[in-house]
Every structure is written in C-alpha cells, then in structure tokens.
Amino acid sequence: MDELPARGLPHDEVLRRMEALREGDADWRGGRTWSLVYHGGEAHEAFLKQAYGLYFAENGLNPMAFRSLRRFEADVVRITARLLGGGADAAGCMTSGGTESCMLAVKTARDRALARRRWPGTPELLAPASVHVAFGKACAYFGVKLVTAPLGRDFRVDVAAMRRRVNRRTIALVASAPPYPHGVVDPVEDLARIARRRGLPLHVDACLGGFMLPFVERLGHPVPPFDFRVPGVTSMSADLHKYGYAAKGASVILYRDLSWMEHQFFVSDSWPGGVFASPALLGTRPGGAIAAAWAALHAAGEDGYLRRAREAMETTRALVDGINTIPGLQVLGEPTMSVFAYRATDPAVNIYAVADRLEARGWHVDRLQRPDALHVMVSAAHTGLEDRYLGDLRDAVDEVRRDPALATSGAAATYGMISAVPLRGLVKRQVLRMMMELYGPSGRPLDVEAPRDDLASRAGLALVKLREAWRRRRG
Ligand SMILES: *Cc1c(COP(=O)(O)O)cnc(C)c1O
C-alpha cells in the first residue's frame, strides 16, 4: 500500500483500509491509555469535529484574511490569561502545542537576554531536573545550555540548588505546574523570588496544569501559588489539547505583558515574497485547531471544567489510595492534581515487570526512570475504571513476585538494562539508530502485526545483544 495508486480509489475503500490499519492501536476510548489522548466523551468529540470542520481550510497565518480566527485566538488567550491570574496587560498567542509554547519561551528569554547586554559565553536556562524534555529540545535547537537542579525528597526542586546555579550566563528560570513525571508542583514562589532578585524571567510551564489547577483550586484542594498572581512569574504555557479538552494542535504561550513578548515576534522586510511577520514558530497555522479550542472553552464553561476536574480528582484519589495499600508499591510525593507516579519499595517487585504484566492485561503504560516508576495521568475518560486498574495492578504485582524471571524478560529486561548501562551515551546512540531505522527508506518496523513496544525497549534489546557479543569475545 506504499505506492501512489495509478488510479484513485473510491473514498469508502480508502476509509476501510484505514480502519483496518488502526486495529492494533492503543485503546484510548476504553480508557486504557494514561496519556496521549484526553477524551471528553463521544458527544464532546463529535462537537469538536464540527467546530474544527468549519475552519478545516482556513489558515491562521494571515490574521487579516480570516478575522474571525484572529478573534477566536484573542479570546482564547484572554480567557486563559484570566484563568491563570493574568492582568489586563497579559499578552500571548496560540501555538500548535506544549512543545512550541515551551520552545518559544526559551527563544524569547534568549533574545531578550542577548538584546540587553553582551553575553559572556553560552546562554544558560536553569530548570528543575523534572522539567519537560521540550526545554531540552528548545535548548538544543536554540544554542542554549540546559542547567538542571536536583529534586528534593518530596520531588519538588531543591530551591537552594537552583539559587546556587544562577550565574551571569543565566537567561531565565523555569518551574513546572506540575512537572510531567511526578505531578508535584514546583515551589513557584521561592523560585520567583530568586528570579526577581536577579532581574531574570521565570517561565511557569503549566502545559498540564493550566486548565486543571485553577479548577482544582476552586474545588478546595490545596494548590500552591503557581501563576501570574505570583510576582516574578513572567511567562506561562498551558495546553488546550490536554486538560482543555480541545482538538490536538492547541496550546497557549502567555506573557505578563508585551514588553516580555516583544522578543518572540519575527519580522522580515527583505524577503522577495513580501514583508513577513509571524508571532510563533509555524507558518501556516491550522484554523481548525484554533476554532475548536474556542469552541471547547465555550461549550464546557466554568461548570464543565469544574465537573471534569472533580471527576478526575476523585478517580485520582481512589487510585493513589489504592496503590498505596498494595504491599510493595508507593506513590511518589504528594501529587497536586491528577498526574502522579508510583514505584516499587520491595526489591522483589520489579516495577518494569509490573508494567509488562499490565500491558498483557490491555493497559498502555508509560515508564519513568530515575527513579524507576510507572506513570498515571487521569482524565475524565477514566471515571469508573479505578477498580479494574487496581485489580489488574494487584494481580500484576503478585505475578511478578511469584516469578522472578519476569524481571529479566520482556521490556523489563531492556529497561533494566538501560538504567544499568554506565555509559548513557551508548543508550543515546542506540535510540538514534532506532530512529534512523524508523524513518529511513526501509523503515517500516511498525507493521500492525509487530509486537507493541517502544523505541527505548528496542534500544535496550540492542544493548543486551551488544553486551552478549562483548562477553563472547572476552571468552
Ligand atoms: C505535554 C507537556 C509538554 C509538551 O507538550 P506537547 O503538547 O506534547 O508538545 C510540556 N510540558 C509539560 C509539563 C507537558 O506535560
């Protein structure tokens, strides 16, 4: 099917083939995935498709051509800024997702820094070790060095360690509300104090929490100050396509005021294609994603988001309490909202083997490292699944305890291998090899029939082989 057909196929035939190909995909409708998809229900999905469809062809590139789109974007930005404690001066724009928002925050901080004085060496971005990998990517793309500070025992960043790492090359600090791995909101107030004293920007990455924490707070749960209400927070990112329950391709980057955002814009006056100005990374911007985000906010309203947040928090409570009562397992820290991780406290329980056994029971599991743990991200789609997950988890732990061989087979073996490899460069090189295989000319390794695994476990497998070959050579 990988050749352009000489004659076009009937639409129903094309759609039939697509349906057949997706059969092996992760079952998100059944609540079996814990990230990747934030499902607001069938009716909401149908509504979003309608809104998206209205603007299927429109392009957000030129705000003058499609003024309604510019209006939607401005509304979405205002609504988000209000939710996050922004004042009348708050400014921002929509982006294609969290990664673009975070990358823009880094680019803007870098350009602001470089515009102010001669910079002594490579600009540095200072962030907690738990910061989203999008910041690592941004630094790699924009010639910035990512400097990280370790986490404390409660999985919040060690504030003193952050303070010690500020120097003349620092362009900005980052905090997360909450960080993806463990879901414990960083001490934003403490970090904002450091940033203010040094005259540095502080970006709060609320990609996950932006459309959750304001409602969690209103429901009466303890939420530490994390947004523009904290003096010193200069920019924020919030993903509409996560807990905003919008269509994919929608996030917001916000600044306290235009004086911070100014350094984000790009203008060219010499291109033969004309004078060109762009607020963010993309050129052509899908109108559908912007329109669907506007629609999602207005259709849900405050009561809709409160209801979803309440449901997610109740499910989270049940899961956290349930996991903590399973002997040998422990939730990491005190999760602030509906994102958390758990690890094994019993050496007889290999947590990656537990993940394998959960996958055998149909759950799609995200694995963490440093420390080894499994990830849970609860959304509205998980209501009612608590008992099934906890039951399967209990069975999985029992199985792993009974059969130690499970820790040295399946993906558990390769993950164990990865965390045991002393030279991390080796892992990186192997994963890069897998990427070349995946995207290269002969790269069709993701056939529907192929076993479901991920790049990391493939890379681990390659490392296991490497080690075996090395042992054989040594005799
Ligand atoms: C998801 C996420 C991002 C990146 O967002 P994408 O939409 O996946 O590009 C950044 N930060 C945090 C905390 C996230 O959870």
Side-chain angles (χ1 to χ4, degrees), residues 25-48 98 178-185 207-216 218-219 221 223 239-248 296 299-300 303-326 329-343 351 354-355 357-368 373-397 452:
D25 289 357
D27 171 21
W28 57 269
R29 273 180 208 284
R32 294 311 193 107
T33 57
W34 296 97
S35 59
L36 303 173
V37 180
Y38 296 73
H39 186 36
E42 304 283 328
H44 180 68
E45 187 191 342
F47 166 71
L48 282 187
Y180 169 88
H182 321 112
V184 188
V185 172
C207 278
L208 273 182
F211 291 93
M212 195 56 188
L213 290 176
F215 304 107
V216 170
R218 267 166 240 191
L219 289 171
H221 298 277
V223 174
D239 286 355
L240 287 147
H241 64 199
K242 288 179 184 160
Y243 287 101
Y245 296 96
K248 286 215 173 25
D303 63 335
Y305 284 110
L306 278 170
R307 180 179 51 73
R308 287 182 187 139
R310 186 183 301 114
E311 285 173 10
M313 290 303 280
E314 280 168 8
T315 309
T316 304
R317 192 72 261 158
L319 287 172
V320 166
D321 290 348
I323 290 168
N324 278 332
T325 59
I326 298 177
L329 295 186
Q330 184 193 44
V331 169
L332 303 185
E334 289 276 335
T336 316
M337 46 175 255
S338 46
V339 180
F340 66 93
Y342 59 94
R343 68 176 157 197
I351 200 70
V354 172
R357 301 327 298 155
L358 279 174
E359 295 211 321
R361 288 169 171 80
W363 299 96
H364 188 91
V365 182
D366 296 310
R367 298 158 176 88
L368 307 183
L374 304 187
H375 197 241
V376 180
M377 192 130 76
V378 180
S379 67
H382 297 111
T383 305
L385 289 175
E386 306 85 328
D387 291 342
R388 202 149 117 212
Y389 184 80
L390 289 169
D392 283 349
L393 181 56
R394 237 173 253 122
D395 292 348
V397 170
R452 201 168 78 212

> When rounded to the nearest 0.5 angstrom, what distance separates CE in M212 from SG in C207?
Replying inline: 15.5 Å
> In this structure, which one of Y305, Y38, F211 forms a ring pair (Phe, Tyr, Trp, His ring centres under 6.0 Å) with Y243?
Replying inline: Y38
> Do V185 and P178 come close enough that some side-chain heavy atom pair is under 4.5 Å?
Replying inline: yes
>> More than 12 heavy atoms of other residues, nucleotides or ligands under 6.0 Å from CD of E311: yes or no?
In response: yes
> Taking C-beta and beyond as the side chain, do R343 and L332 meet within less than 4.5 Å on heavy atoms?
Replying inline: yes
> Mind checking whether W363 and W34 have side chains closer than 4.5 Å, heavy atoms only?
Replying inline: yes
>> Walk me through whether E314 and R310 qualify under salt bridge (charged side-chain N to carboxylate O under 4.0 Å, His left out).
In response: CA-CA 6 Å; E314 280 168 8; R310 186 183 301 114; 5.1 Å; no
> Do H44 and R308 have side-chain heavy atoms sitting under 4.5 Å apart?
Replying inline: yes
> Distance from D321 atom CG to L390 atom CG, nearest 0.5 Å?
Replying inline: 9.5 Å
> Which heavy atom in A296 sits nearest to a heavy atom in G244, and how many Å separate them?
Replying inline: CB-O, 4.0 Å
> What distance separates M313 CE from L306 CG, expressed to the nearest 0.5 Å?
Replying inline: 12.0 Å
> Do the side chains of T316 and M337 get nearer than 4.5 Å, heavy atoms only?
Replying inline: no
> Between L48 and A246, what is the shortest heavy-atom contact and its length?
Replying inline: CD1-C, 3.7 Å
>> If we ignore hydrogens and angles and just use 3.5 Å, is the side chain of D239 paired with the main-chain N or O of K242 as donor and acceptor?
In response: no
> For the residue pair P335 and G333, what are the closest heavy atoms and their distance?
Replying inline: CD-O, 3.3 Å
> Taking the side chain as C-beta and beyond, is there a heavy-atom pair between H382 and L319 under 4.5 Å?
Replying inline: no
> With no hydrogens and no angle check, is any side-chain donor or acceptor of R357 less than 3.5 Å from a backbone partner on D392?
Replying inline: no
>> For a 4.5 angstrom cut-off between non-hydrogen side-chain atoms, does Y342 reach N324?
In response: no
>> Please find the pair of heavy atoms, one from A380 and one from Y245, that lie closest to each other, and give the distance.
In response: N-OH, 3.1 Å
> Would you say the side chain of L393 lies within less than 4.5 Å of the side chain of L329, judging by non-hydrogen atoms?
Replying inline: yes
> Is the distance between the ring centroids of H364 and W28 less than 6.0 Å?
Replying inline: no
>> Can a donor-acceptor pair be found, under 3.5 Å and without considering hydrogens, that links the side chain of E386 to the backbone of G384?
In response: yes
>> If I compare all heavy atoms of P181 with all of A341, which pair ends up nearest, and what's the gap?
In response: O-CB, 3.6 Å
>> To the closest 0.5 Å, what do you measure between CZ (R29) and CD (E45)?
In response: 4.5 Å
> Can you tell me how far CG of L374 sits from CG of D366, rounded to the nearest 0.5 angstrom?
Replying inline: 9.0 Å
> Distance from L368 atom CG to I351 atom CD1, nearest 0.5 Å?
Replying inline: 10.0 Å
